[in-house]
**Student:** 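Structure in structure tokens, see below.
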Amino acid sequence: MPFNSLTFLVFFVVVFALHQLLPGWTQRKQLLLVASYLFYAAWHPPYALILLFSTTLDWWLARRMFRSESSVSRRRWLLLSLISNLGLLGFFKYGGFLLENSRLALGALGVSYQPPEWTIMLPIGISFYTFASLSYTIDVYRGKVRGDAPFQNYALFVSFFPHLVAGPIVRASFLLPQFAEPRRASADQIGWGLALTCMGLFCKMVMADTVFAPVVDAVYADPTAHGALDAWAAVLSFSGQIYYDFAGYSLCAIGLALCFGFEFPDNFRYPYAARSPVDFWRRWHISLSTWLRDYLYIPLGGSRAGATQTMRNLMLTMLIGGLWHGAAWMFVLWGGLHGIYLALARAWPRPPAEAERESRKLPATVLTFLLITLTWIPFRAADWSIMQALLAALVRPGLATKIDPRVLTVCFISMLATFCWQFASRDRSLSARFSALRPVARAGLLALCLIGIFLCSGGDQRAFIYFQF
């Protein structure tokens, strides 16, 4: 039941109407909990049981930790939470990956091994709700949050349908307090929430799926058949596709939650206006980057133990972050490249006064954007051969374009407009930019979004890219 489907529209209208009609806070939360499990079960009903098991176990373990006065016992309960959550994630997401790589490793040693075919379906959103759930047990262990949340509140925190399958990774310390006290969305919250949802669907259906995706799919399917112009169009288009796809989902999630009176943190902050790789990760998938920082990088030692250990910690964090995205070495390579960038950026001398010169801001932003765009290649490429072929195509000028020149023109102009918009807006929030518009301009913008959504609503329906993670 993706957000960009008619089924979800009907689901949301019914749930929202019932939520508005129910008088009691407990009944409204129960409605959202049941609706969230129905939303999740719509993909594959048995996997709702895994979600329930993980939720119940972590809730019980957190209560045991919270009530325990022994640090040894608390560590044991936390270890059980880590093993159970990461064990489930590892089994479903990385089981086939481990079997295949075991076969290759044994084959290199001369041992013939044929593993059984891996046919177990990956539960949608397991990476997201696992990290959300772990934020609760780890914070309870650290004493940052109480471990006595009512089961209904905790189950709703984990399963709340706007963020369940693709984030943002909302932490328990942020969302549980919002479930503790009665709240009802104001007219302004509902209006802004619907506006965000509308803009998010426009990003997904028009920009990601209609403008950029066809070029990306055509070139990445067979890079050897395309020349430099097509290859550069595809590389730039994937930067646009993945941004508008995932940022669009995040806007929908934030907007839908706001319609029920709940606030989610921003997940994107004009990432293509970043002036360095460090700045990029402060703006891209913020809920994941801050989770990795707080629950992985800092516990590893962060930057407290010298330059060598800091670079090691950065590399480990980004390698694991890459693997989080998928069970493939291409994701590990993508994470490793970002680890190298962050390590080099930390070691590079940065005079503060020089960094803020107006004349340096645009070149730094352009170079960072190009670096990030080229680094998306291993993220998108299915394997090493596709990546090599695409890199070769980037410098193959002789081949004539096989893509309609009008389509290429739209892609290049759209990416240029995206870059200019983000560069001009990097220090202002989306709500501030929208509020600064006159009412007529706001209405016109939303009308254009709705028209675009309507015109692009036919044809094949593409799932959000991050559903696979």
Side-chain angles (χ1 to χ4, degrees), residues 1-52 54-56 59 124-125 128-129 132-133 149-168 170 172 174-201 204-205 248-264 446 449-450 453-454 457 461 464 467:
M1 200 191 300
F3 293 163
N4 56 327
S5 67
L6 181 60
T7 306
F8 179 79
L9 176 62
V10 174
F11 167 83
F12 172 74
V13 169
V14 171
V15 173
F16 179 76
L18 291 174
H19 187 267
Q20 293 296 106
L21 291 173
L22 289 173
W25 177 235
T26 300
Q27 291 88 345
R28 294 201 298 272
K29 287 191 293 186
Q30 290 171 345
L31 168 70
L32 292 178
L33 180 59
V34 171
S36 295
Y37 268 83
L38 289 174
F39 171 82
Y40 191 68
W43 270 283
H44 193 61
Y47 282 157
L49 297 176
I50 298 173
L51 175 63
L52 179 61
S54 177
T55 299
T56 305
W59 175 78
I124 190 168
F128 288 92
Y129 71 69
S133 189
F151 180 76
Q152 176 180 274
N153 288 8
Y154 181 71
L156 181 56
F157 150 70
V158 175
S159 65
F160 192 32
F161 70 86
H163 78 98
L164 174 59
V165 296
V170 186
F174 188 91
L175 193 53
L176 277 177
Q178 298 186 52
F179 293 143
E181 299 293 335
R183 59 174 58 212
R184 191 182 287 274
S186 66
D188 287 343
Q189 286 179 312
I190 295 172
W192 180 232
L194 292 175
L196 286 174
T197 304
C198 179
M199 288 186 276
L201 290 175
K204 165 63 177 170
M205 299 173 68
Y249 183 93
S250 295
L251 286 176
C252 290
I254 294 168
L256 292 168
L258 199 59
C259 288
F260 295 99
F262 304 108
E263 297 179 359
F264 283 0
L446 293 176
C449 287
L450 289 171
I453 292 168
F454 174 76
S457 59
Q461 185 184 92
F464 286 90
F467 277 12

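Every heavy atom of this structure was used, including side-chain atoms; hydrogens, water molecules and symmetry mates were not.
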**Student:** Does T55 reach the side chain of S133, with side-chain heavy atoms less than 4.5 Å apart?
**Tutor:**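 Side chain of T55 against side chain of S133, heavy atoms only: no contact under 4.5 Å found.
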
**Student:** Fit a plane to each ring of F151 and W59, take the angle between them on a 0 to 90° scale, and name the class: parallel (under 30°), tilted (30 to 60°) or perpendicular (over 60°).
**Tutor:**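 Perpendicular, since the angle between the ring planes exceeds 60°.
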
**Student:** Return the NZ to CZ distance between K29 and R183, rounded to the nearest 0.5 Å.
**Tutor:**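 Output value for this atom pair is 11.0 Å.
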
**Student:** Hey, does L52 have a side-chain heavy atom less than 4.5 Å from the side chain of Y40?
**Tutor:**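 The answer is no; the side chains never approach within 4.5 Å.
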
**Student:** Look at the rings of F16 and F12 and say which category their plane angle falls in: under 30° parallel, 30 to 60° tilted, over 60° perpendicular.
**Tutor:**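 Parallel.
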
**Student:** Looking at OG1 of T7 and CZ of F39, how far apart are the two atoms once the value is rounded to the nearest 0.5 Å?
**Tutor:**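 Reported value, rounded in 0.5 Å steps: 11.0 Å.
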
**Student:** If you round to the nearest 0.5 Å, how far is CG of L196 from CG of L446?
**Tutor:**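 Between atom CG of L446 and atom CG of L196 there are 9.5 Å.
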
**Student:** Given side chains that start at C-beta, do those of F264 and P162 come closer than 4.5 Å, heavy atoms only?
**Tutor:**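 In short, these two side chains touch, coming nearer than 4.5 Å.
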
**Student:** For a quick test of reading the model, state the closest non-hydrogen atom pair linking L22 to Q27 and the distance between them.
**Tutor:**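 Shortest heavy-atom separation between L22 and Q27 comes out as CD1-O, 3.6 Å.
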
**Student:** Could you tell me whether the side chain of W43 reaches within less than 4.5 Å of the side chain of V165, counting heavy atoms only?
**Tutor:**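 Side-chain contact under 4.5 Å: yes.
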
**Student:** Run L251 and F3 through side chain to side chain contact (heavy atoms under 4.5 Å, CB included) and show every step you take.
**Tutor:** CA-CA 11 Å; L251 286 176; F3 293 163; over 6 Å; no

**Student:** When you look at F157 and F179, which way does the ring-ring contact (aromatic ring centres under 6.0 Å, His included) test go after all the steps?
**Tutor:** CA-CA 8 Å; F157 150 70; F179 293 143; 7.6 Å; no

**Student:** Side chains of L32 and H19, heavy atoms from C-beta outward: is any pair under 4.5 Å?
**Tutor:**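 They are in contact (side-chain heavy atoms under 4.5 Å apart), so the answer is yes.
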
**Student:** For V15 and L38, what are the C-alpha separation, side-chain angles and deciding distance, and is it a side chain to side chain contact (heavy atoms under 4.5 Å, CB included)?
**Tutor:** CA-CA 11 Å; V15 173; L38 289 174; over 6 Å; no

**Student:** Looking at CG of L9 and OG of S5, how far apart are the two atoms once the value is rounded to the nearest 0.5 Å?
**Tutor:**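 That separation rounds to 8.0 Å.
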
**Student:** I need the D188 CG to L258 CG distance, nearest 0.5 Å.
**Tutor:**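 It is 10.0 Å, given to the nearest 0.5 Å.
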
**Student:** Determine the minimum heavy-atom distance between M199 and C449, stating which atoms define it.
**Tutor:**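 Minimum heavy-atom separation between M199 and C449: CG-SG, 4.2 Å.
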
**Student:** Within the distance-only criterion (no hydrogens, no angle test), does the side chain of H163 pair as donor or acceptor with the backbone N or O of S250 below 3.5 angstrom?
**Tutor:**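 The answer is no, because no donor-acceptor pair under 3.5 Å joins these two groups.
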
**Student:** Parallel, tilted or perpendicular: which describes the rings of F260 and F161, with under 30° parallel and over 60° perpendicular?
**Tutor:**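 Perpendicular: the ring planes of F260 and F161 meet at over 60°.
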
**Student:** If you take all heavy atoms of A185 and G261, which pair is closest and at what distance?
**Tutor:**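 Closest approach of A185 to G261: CB-N, 3.5 Å.
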
**Student:** Are any non-hydrogen side-chain atoms of Y37 and P45 less than 4.5 angstrom apart?
**Tutor:**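 In short, these two side chains do not touch, never coming nearer than 4.5 Å.
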
**Student:** Nearest 0.5 Å, please: how far is CG in N4 from OH in Y249?
**Tutor:**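 If we round to the nearest 0.5 Å, Y249:OH and N4:CG are 10.5 Å apart.
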
**Student:** So F262 and W25, would you call those rings parallel, tilted or perpendicular, with 30° and 60° as cut-offs?
**Tutor:**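 Ring orientation of F262 relative to W25: tilted.
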
**Student:** Would you check if the side chain of Q178 reaches a backbone N or O of F174 as a donor-acceptor pair within less than 3.5 Å?
**Tutor:**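 Pair found, side chain donor or acceptor close to backbone of F174.
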
**Student:** Identify the heavy atoms of L164 and S159 that sit nearest to each other, and give their distance.
**Tutor:**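 Looking at all heavy atoms of both residues, the shortest contact is CD2-O, 3.6 Å.
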
**Student:** Check whether T197 reaches the backbone of G193 with its side chain - one donor and one acceptor, N or O, closer than 3.5 Å.
**Tutor:**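 Here the side-chain-to-backbone pair exists.
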
